[in-house]
Amino acid sequence: MNLFKYFQSEVLNVVEEMTVAGKLPAGIDSTKIVTEPPREAAHGDVSTNAALVLAKQAGQKPRDLAERLAHQLKENAAVVAAEVAGPGFINLRLADAFWTARLTEILAEGTAYGDSDFGRAERVNVEYVSANPTGPMHIGHGRGAVVGDALASLLEKVGYQVVREYYINDAGAQVDKLAQAVYYRYREALGIGIGPDVFKDSYPGDYLKPIGQKLVEKYGREWVDAAPEAWLSVFRDFAIAEMMAVIREDLKALGVVFDVFSSERALVAEGGVDAALKALDTKGLVYEGVLEPPKGMVPEDWEPRPQTLFRSTDFGDDVDRPLRKSDGSWTYFASDIAYHLDKFRRGANTMINVWGADHAGYVKRMQAAVKALTDGKGDLDVKVCQLVNLFEAGAPVKMSKRAGTFITLREVVDEVGKDVVRFIMLTRKNDVTLDFDTEKVREQTRDNPVFYVQYAHARACSVLRHAGEAFPDIQLTPAALSGAALGRLTEPGELALIRKMADWPRQVETAARFHEPHRLAFYLYELAGEFHGQWNRGNEAADLRFLKPDDAELSAARLALVSGLATVIASGLEIFGVEPVEEMR
RNA sequence: GCGCCCUUAGCUCAGUGGACUAGAGCAACGGCCUUCUAAGCCGUGGGUCCCAGGUUCGAAUCCUGGAGGGCGCACCA
């Protein structure tokens with residue numbers, strides 16, 4: 001249960017009752033009432049601004065109205081105190097029994113705790129990674145991959161029907177360059193010398209060498225003297241398939257999965273671009289025109305040129321955008337328009353794209369296109385992921401493709417483990433740069449959030465294991481533990497921990513609403529902190545230890561708490577795609 | 001030059017309209033601990049929330065302008 005939503009509806013019920021009783025005017029607007037945790041825990045458990053919002057409409061003083069509302073709210077059995085504070089906030093204090101009931105709920109629901117129907121089974125398409133099939137993934141792709149994957153899981157948890165999608169840019173100039181580079185690797189594999197500058201405009205990486213070798217194994221010398229027109233499509237298709245296999249392996253190592261891989265080439269081949277552009281044209285949004293040079297900077301090879309343009313300025317963009325290149329072929333933007341129309345037609349009114357920082361300039365035009373094509377019915381949110389700076393023990397890792405000192409995502413994942421990479425990628429909001437230190441993330445200290453959260457889960461599991469030794473007859477299943485005498489959980493630290501755990505459903509919903517999975521990393525860190533804190537108090541005072549050999553009843557109640565804690569952490573890590581470990585090694 | 005993003009404690013960052021005192025971790029300083037699983041615990045100091053206006057009963061939060069940093073900027077993806 002999202003207890004804040006519950007009390008929100010309780011507040012609204014009271015408002016409704018008072019309206020019926022004539023104590024409040026009819027037709028009052030209560031939509032601005034919010035019910036949330038007070039900033040200061042000392043103020044209570046639940047706080048609402050209802051009186052402040054309604055005072056003016058009711059023609060009553062905020063504090064007077066607050067007193068009346070508070071009086072009614074006290075009728076709820078869970079409310080032990082309803083105090084008016086400041087200008088007219090109402091702070092509710094809840095009964096211990098209310099909190100222990102939340103623990104029972106957690107034990108009953110398991111990692112499904114925090115699930116909700118917030119999304120109302122609405123369909124959402126989350127597109128992420130979509131790295132060009134021209135090379136292995138780098139650390140920046142990894143961030144997008146994790147953010148997209150976790151966001152998708154988060155949305156599923158709150159009841160959306162989510163499609164995880166990867167768009168393969170397998171059409172256009174980039175993959176032709178790939179074919180070009182692979183052709184030279186093919187010749188090289190046959191022992192034919194290649195010039196020093198052959199990769200100047202394409203892909204010099206060694207990772208294409210095995211592909212050249214495979215082409216030799218498959219075709220021998222067949223293409224050595226053939227014209228480019230002859231080998232281009234063969235080499236291109238082969239190279240794309242090989243590179244996608246590499247990328248899929250990289251993704252697998254990171255634990256990232258997709259429901260759909262969409263091909264740009266296929267979309268073009270089946271006429272999707274022509275259809276989408278025709279649709280735009282029908283709306284009168286396509287025209288032939290000449291763009292001004294970008295304000296304040298004129299590219300060297302600038303020349304005024306008539307182009308086919310999309311009237312994106314009608315939908316909030318800064319300038320109209322070209323749909324066709326000078327050779328008459330479609331631009332990347334044109335096929336992307338078609339792709340987004342395709343996603344919309346496949347049922348996703350809400351689309352979320354996770355992009356790298358270098359694509360930030362495309363957000364407005366893409367949103368403009370979605371608005372135009374769907375008549376405002378489609379919604380596109382773009383999460384732009386800022387750069388990831390790699391460090392090793394505090395020193396920046398210098399990377400240069402030329403010097404061959406390029407660190408791939410795979411290398412980092414193999415070095416520190418997928419769980420570490422995934423968690424760290426979620427410890428910052430997507431739109432700020434993230435420092436990733438391959439040394440620091442393996443430290444076993446409180447500074448390292450991955451360790452700190454994992455350790456809380458492991459420590460909880462450890463306590464449960466020890467319980468089996470101390471109390472051989474005890475049943476440690478959640479179902480059995482929920483039957484414990486939870487009323488014996490009266491220590492402030494224990495109740496504070498349950499309060500934090502009970503906040504999970506609200507945390508999940510808020511993160512989902514803002515499409516911001518990183519919020520959960522902060523929550524999990526705080527939750528882990530509460531648990532470690534209670535553990536440490538047990539170090540000081542033996543009375544506070546979770547296991548008390550001379551008091552089986554109290555121990556069972558505390559074990560229920562420990563089990564619940566492990567459950568909530570596991571529920572969070574599940575969204576992150578991080579395995580909740582049972583012991584640290 | 002234009003667009004987008006960022007600017008909160010010495011450092012790294014939470015905090016998308018509410019109050020009494022703007023939070024956390026690290027670092028600093030002062031104590032303590034050597035453990036039911038060790039990688040710690042308690043306390044103290046530390047802030048013109050980049051600046052200036054505006055909206056509001058109320059602004060770190062919304063709006064406008066400015067400063068600094070990042071990313072991008074027609075016919076590449």
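First the proteins, then the strands, lettered A, B, ... as listed; each starts at 1.
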Distance-only donor-acceptor check, side chains A:Asn353 and A:His359, under 3.5 Å: no
Taking atom types as modelled and ignoring hydrogens, do the side chains of A:Thr134 and A:Gln174 form a donor-acceptor contact shorter than 3.5 angstrom? no
Given [N], is OP1 or OP2 found less than 4.0 Å from the side-chain N or O atoms of [X]?
{"X": "A:His466", "N": "B:U37", "answer": "yes"}
{"X": "A:Arg459", "N": "B:C36", "answer": "no"}
{"X": "A:Arg428", "N": "B:C13", "answer": "yes"}
{"X": "A:Arg305", "N": "B:C75", "answer": "no"}

Run the salt-bridge test on A:Asp503 and A:Arg506 with the 4.0 Å N-O cut-off and return the result as yes or no. yes
Whole-Å distance separating the NZ atom of A:Lys325 from the C1' atom of B:C75: 8 Å
Can you tell me how far C1' of B:G25 sits from CG of A:Leu527, to the nearest Å? 16 Å
Could you list the protein-to-nucleotides 4-10 of chain B atom pairs, N/O on both sides, closer than 3.5 Å?
unit_1	atom_1	unit_2	atom_2	d
B:C5	O3'	A:Asp431	OD2	3.4
B:C5	O2'	A:Asp431	O	3.1

Extract the stems that RNA chain B is part of, considering only consecutive pairing runs of at least three Watson-Crick or G-U wobble pairs, both distances under 3.5 Å. B:1-7 with B:67-73, B:10-13 with B:23-26, B:28-32 with B:40-44, B:50-54 with B:62-66
Relative to A:Tyr287, does A:Arg311 satisfy both conditions: NZ or CZ under 6.0 angstrom from the six-membered ring centre, and within 45 degrees of the ring's axis? yes
For A:Glu582 against A:Cys461, the heavy-atom pair lying closest together: O-CB, 3.6 Å
